[in-house]
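The analysis underlying the following values was restricted to heavy atoms, covering all of them including side chains, and did not include hydrogens, waters or symmetry mates. Numbers here simply count residues along the sequence, with the first being 1.
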Amino acid sequence: LGQLTKMSSGFGLNSNSLSSAIPTQLGQLVQMSFSFYLSWNSLSSAIPTEVGNLVRVSSGFHLNWNSLSSAIPTELGQLMQMSSEFYLNLNALDSTIPTELGRLDQMSVGFSLRSNSLSLAIPTELGLLDQMSDGFFFYSNKLSSA
């Protein structure tokens, strides 16, 4: 799949029975501008840092409803074109929320990290997402106050 380097939109493998890890080669789809969907599968392991190379994605980054674990890679803060639908909810992600996600300051709708095992406080840097008007979800984690 990493050979689809000219792919610019509409990459959807959601609602299948995919299991195992997300292939690192998907980070080579650097022309992707929207609709990167891997949700509703049984993907496990950590989110590969290479997915942070999809810097042109502006909407529709869905890795939700899987069994992804470990920390959210700081490299996802490189997705600075994102304006809507950044979904990592309903996984088994743990550790803290990376401060680098504050760089997604074009986000206006749909930022969800709910139903994981994220801990500690929500980073103050997420206050930079001041364009958000709807769908900012963090519930069902292990978050605490600062």
Side-chain angles (χ1 to χ4, degrees), residues 1-2 7 9-30 32-146:
L1 293 176
M7 202 61 195
S9 65
F11 184 84
L13 294 175
N14 46 317
S15 300
N16 282 290
S17 297
L18 300 175
S19 59
S20 192
I22 296 172
T24 59
Q25 295 86 348
L26 293 182
Q28 296 173 16
L29 305 179
V30 295
M32 286 295 300
S33 60
F34 66 92
S35 299
F36 183 79
Y37 297 149
L38 295 175
S39 55
W40 293 82
N41 282 291
S42 297
L43 295 167
S44 60
S45 197
I47 298 170
T49 58
E50 291 85 354
V51 176
N53 294 334
L54 306 178
V55 296
R56 296 184 63 182
V57 174
S58 62
S59 130
F61 185 83
H62 295 203
L63 299 181
N64 51 318
W65 286 89
N66 281 291
S67 297
L68 298 169
S69 60
S70 198
I72 298 170
T74 59
E75 288 82 359
L76 293 186
Q78 297 172 164
L79 305 180
M80 295 182 284
Q81 300 285 327
M82 287 297 304
S83 63
S84 64
E85 299 182 22
F86 181 83
Y87 297 148
L88 300 180
N89 50 293
L90 293 144
N91 280 293
L93 298 168
D94 59 23
S95 195
T96 60
I97 299 169
T99 58
E100 290 82 358
L101 293 184
R103 294 183 195 153
L104 308 183
D105 60 2
Q106 300 301 308
M107 288 295 301
S108 61
V109 176
F111 185 93
S112 182
L113 302 179
R114 72 177 176 95
S115 301
N116 280 290
S117 293
L118 299 168
S119 60
L120 298 179
I122 296 172
T124 57
E125 289 82 357
L126 291 188
L128 298 172
L129 278 63
D130 58 0
Q131 302 298 312
M132 287 296 300
S133 63
D134 187 36
F136 195 64
F137 300 121
F138 293 85
Y139 61 87
S140 296
N141 278 290
K142 297 175 182 176
L143 299 170
S144 61
S145 56

Tell me, with the steps shown, if L54 and L26 meet side chain to side chain contact (heavy atoms under 4.5 Å, CB included).
-> CA-CA 9 Å; L54 306 178; L26 293 182; 5.8 Å; no

To the nearest 0.5 Å, atom CG of L68 lies from atom CG of L88 at 8.0 Å

Exercise. Would you call L143 and I122 a side-chain contact if the rule is heavy atoms closer than 4.5 Å?
Worked result: yes

Applied to residues 106-121, the side chain to side chain donor-acceptor pair (under 3.5 Å) test, sequence neighbours excluded, yields N89-S112, R114-Y139

Taking the inter-plane angle between the rings of F61 and F86 on a 0 to 90° scale, is it parallel (under 30°), tilted (30 to 60°) or perpendicular (over 60°)? parallel

Contacts satisfying ring pair (Phe, Tyr, Trp, His ring centres under 6.0 Å) that involve residues 62-83 (not counting sequence neighbours) are Y37-H62, W40-W65, H62-Y87

With sequence neighbours left out, the residues meeting ring pair (Phe, Tyr, Trp, His ring centres under 6.0 Å) with F11 are F36

Distance col, row I22:CD1 vs L1:CG, nearest 0.5 angstrom, shows 12.0 Å

In short, P48 meets P23 closest at the heavy-atom pair CG-O, 4.4 Å

So side chain to side chain donor-acceptor pair (under 3.5 Å) across residues 41-57, not counting sequence neighbours, yields Q31-R56

Residues N66 and L38: closest non-hydrogen pair is ND2-O, 3.0 Å

Residues P98 and P73: closest non-hydrogen pair is CG-O, 4.3 Å

The side chain to side chain contact (heavy atoms under 4.5 Å, CB included) partners of Q81 (sequence neighbours excluded) come to S58

*Start with the C-alpha distance between L113 and I72, add both sets of side-chain angles, then the distance that settles side chain to side chain contact (heavy atoms under 4.5 Å, CB included), and finish with yes or no.*
CA-CA 10 Å; L113 302 179; I72 298 170; 4.1 Å; yes

Between the CG atom in L128 and the CG atom in D130, the distance rounded to the nearest 0.5 Å is 7.0 Å

### Side chain to side chain, M32 and M7, heavy atoms closer than 4.5 Å
yes

Rounded to the nearest 0.5 Å, the CZ atom of F34 sits from the OG atom of S84 at a distance of 10.5 Å

Value for OG (S39) from CG (N16), rounded to nearest 0.5 Å, stands at 10.0 Å

Residues 90-105 vs side chain to side chain donor-acceptor pair (under 3.5 Å), sequence neighbours excluded, gives none

